[in-house]
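Numbering of ligands and ligand atoms starts at 1, following listing order. Computed from a predicted model, the values in this text were never measured in an experiment. Computed over heavy atoms, backbone and side chain alike; hydrogens, waters and symmetry mates excluded.
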Amino acid sequence: MIRVGVLGARGRVGIEVCKAVEAADDLELVAAVDKDDPLEGLTGSEVVVDFTHPDVVMGNLEWCISHGIHPVVGTTGFDAGRLATVRGWLDANPGTNALIAPNFGIAAVLMMHFAQQAARYFDSVEIVELHHPNKADAPSGTARRTAELVAEARRKAGAGPMPDATSTELDGARGASVDDVRVHSVRLAGLIAHQEVLLGGDGELLTIRHDTMNRSSFTPGVLLGVRRVGELSGLTVGLEHLLDL
Ligand SMILES: NC(=O)C1=CN([C@@H]2O[C@H](COP(=O)(O)OP(=O)(O)OC[C@H]3O[C@@H](n4cnc5c(N)ncnc54)[C@H](OP(=O)(O)O)[C@@H]3O)[C@@H](O)[C@H]2O)C=CC1
Ligand SMILES: O=C(O)C1=N[C@H](C(=O)O)C[C@H](O)C1
């Protein structure tokens, strides 16, 4: 049995993670912690799953790692600086590992993977992410990561800048630039989490679309992370490293 704590346990995803852990024969839910609960409630956990908020996740991670607990993190808001800080904490606590994944949906991971594979064959790539209006961050962690993967694939292929003759624009009309890839964020009542990667070339378009239809769809990926994080080494970013892609 792996002893699991959940941070953000009363949140939209945290609720589903608690249910999934309780339903698994090889996992035991030993702590369900939310805002204003003391982190000491996680003592005794071997793995802690974090679905909280970008503003608090770093404090949670520092506490878990310094207590020898492996974090499995779905909370977004990680840039290179934050990841470097987490690596530093892990280096200071050998034997403790962390998994941070911007998306635990298997189909979402495949969408990112396919976009990375396709990117080198097209002149232009833009990303449209669409989410529920209660989402704290924009662009989404998934869109950021997709843009980074696309940019890396284009760099490796020696691709030049994307064609764009825009010379006048309203602020924001061309979206945000992540590694020179344009990302557009929609927030709309009725949505959960969706993303389109638009790839364009000479006379051909390819659209790769992913739709999240419910939040329990994240839990198989989270449980995979919980079961495997103890055997990883230091920091792993992205669920793709645990899948045979
Ligand atoms: N990687 C992935 O696959 C996915 C990632 N996410 C990400 O996960 C995060 C959470 O998303 P979601 O569940 O929709 O958000 P919610 O706001 O529904 O849930 C977050 C929960 O964390 C609580 N919380 C806030 N601060 C703390 C704290 N310091 N300690 C413990 N709990 C705290 C919140 O309490 P209160 O409401 O009172 O503030 C809330 O109950 C976001 O960053 C989101 O982008 C979401 C879906 C999938
Ligand atoms: O806040 C959400 O809802 C989601 N957040 C993650 C992200 O920012 O990519 C994953 C998924 O898109 C749902």
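By the criterion of side-chain heavy atoms lying less than 4.5 angstrom apart, applied directly or through intervening Ile, Leu, Val, Met, Phe, Trp or Tyr residues, Val181 is not grouped with Val237; the two fall into different hydrophobic clusters. Following chains of ILVMFWY side-chain contacts shorter than 4.5 Å, one cannot reach Leu61 starting from Val56, and the two form parts of different hydrophobic clusters. Under a hydrophobic-cluster definition in which Ile, Leu, Val, Met, Phe, Trp and Tyr are linked whenever side-chain heavy atoms come within less than 4.5 Å, directly or via other members, Val33 and Val73 are assigned to different clusters.
For the pair Ala101 and ligand 1, a heavy-atom separation below 4.0 Å is found. Contact analysis puts Arg10 in contact with ligand 1, with a non-hydrogen atom separation below 4.0 angstrom. Look at Pro102 and you'll find a heavy atom under 4.0 Å from some atom of ligand 1.
Looking at Ser140 against ligand 1, nothing comes within 4.0 Å, counting heavy atoms. The part of Val56 lying near ligand 1 is the side chain, judged by heavy-atom distances below 4.0 Å. In Asn103, the parts holding a heavy atom less than 4.0 Å from any atom of ligand 1 are both the side chain and the backbone. Using a 4.0 Å cut-off between heavy atoms, His53 makes no contact with ligand 1 at all.
Among protein heavy atoms, the minimum distance from atom 8 (O) of ligand 1 is reached at Phe51 CD2, 3.4 Å. Among all protein heavy atoms, the one lying closest to atom 18 (O) of ligand 1 is Arg12 N, 2.8 Å. In this structure, the protein non-hydrogen atom closest to atom 7 (C) of ligand 1 is Gly74 O, 3.5 Å. Annotation: atom 3 (O) of ligand 1 to nearest protein heavy atom, Phe104 N, 2.7 Å.
The main-chain N or O of Gly230 is never found under 3.5 Å from a side-chain atom of His70 such that the two would form a donor-acceptor pair.
Counting only non-hydrogen atoms, the option in Asp37, Thr75, Thr52 that gets closest to atom 11 (O) of ligand 1 is Thr52.
Remark: Asp37 does not engage Lys35 in a salt bridge, criterion side-chain N to carboxylate O under 4.0 Å. A salt bridge links Lys19 with Glu16: the distance from a Lys NZ or Arg NE/NH1/NH2 to an Asp or Glu carboxylate oxygen falls below 4.0 Å. The pair Glu196-Arg209 counts as a salt bridge, with a side-chain nitrogen and a carboxylate oxygen less than 4.0 angstrom apart.
For ligand 1, the polar-atom distance check finds no N/O of Phe218 at less than 3.5 Å from any of the ligand's N/O atoms. When only interatomic distances are considered, the shortest N/O to N/O separation between Asp34 and ligand 1 falls below 3.5 Å. Inclusion of Asn60 in the set of residues having an N or O under 3.5 Å from an N or O of ligand 1 is not warranted.
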Give every pair made of an N or O atom of ligand 2 and a protein N or O atom lying under 3.5 Å apart, one pair per line with both atom names and the distance to 0.1 Å, or write 'none'.
residue: ligand 2; atom: 1 (O); partner: Lys135; partner atom: NZ; Å: 2.9
residue: ligand 2; atom: 3 (O); partner: His132; partner atom: NE2; Å: 2.9
residue: ligand 2; atom: 5 (N); partner: Lys135; partner atom: NZ; Å: 3.1
residue: ligand 2; atom: 8 (O); partner: Lys135; partner atom: NZ; Å: 2.7
residue: ligand 2; atom: 8 (O); partner: Gly141; partner atom: N; Å: 2.8
residue: ligand 2; atom: 9 (O); partner: Gly141; partner atom: N; Å: 3.3
residue: ligand 2; atom: 9 (O); partner: Thr142; partner atom: N; Å: 2.8
residue: ligand 2; atom: 9 (O); partner: Thr142; partner atom: OG1; Å: 2.5
residue: ligand 2; atom: 12 (O); partner: His131; partner atom: NE2; Å: 2.6

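Using a 4.0 Å threshold on non-hydrogen atoms, atom 37 (O) of ligand 1 does not count as touching the protein.
Side chains of Val186 and Val128 form a contact here, defined as non-hydrogen atoms less than 4.5 Å apart.
Partners of Trp89 according to the ring-ring contact (aromatic ring centres under 6.0 Å, His included) rule, which considers only residues two or more places apart in sequence or in another chain, do not exist here.
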Less than 3.5 Å apart, which donor and acceptor atoms pair up between the side chains of residues 2-13 and the rest of the protein, not counting sequence neighbours?
residue: Arg3; atom: NE; partner: Gly44; partner atom: O; Å: 2.7
residue: Arg3; atom: NH1; partner: Glu46; partner atom: OE2; Å: 3.4

Check residues 172-179 and write down every donor-acceptor pair under 3.5 Å in which the side-chain atom is one partner and the other belongs to a residue at least two apart or another chain.
residue: Arg174; atom: NE; partner: Asp164; partner atom: OD2; Å: 3.2
residue: Arg174; atom: NH1; partner: Glu126; partner atom: OE1; Å: 3.2
residue: Arg174; atom: NH1; partner: Glu126; partner atom: OE2; Å: 3.3
residue: Arg174; atom: NH2; partner: Glu126; partner atom: OE2; Å: 2.7
residue: Arg174; atom: NH2; partner: Asp164; partner atom: OD2; Å: 3.1
residue: Ser177; atom: OG; partner: Asp180; partner atom: N; Å: 3.4

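Closest approach of Gly41 and Ala31 over heavy atoms only: O-CB, 3.3 Å. In terms of heavy atoms, Arg82 sits closest to Pro54 at NH1-O, 2.9 Å.
Paired with Glu152 under the rule side chain to side chain donor-acceptor pair (under 3.5 Å), one option of Arg155, Lys156, Arg154 passes, and it is Lys156.
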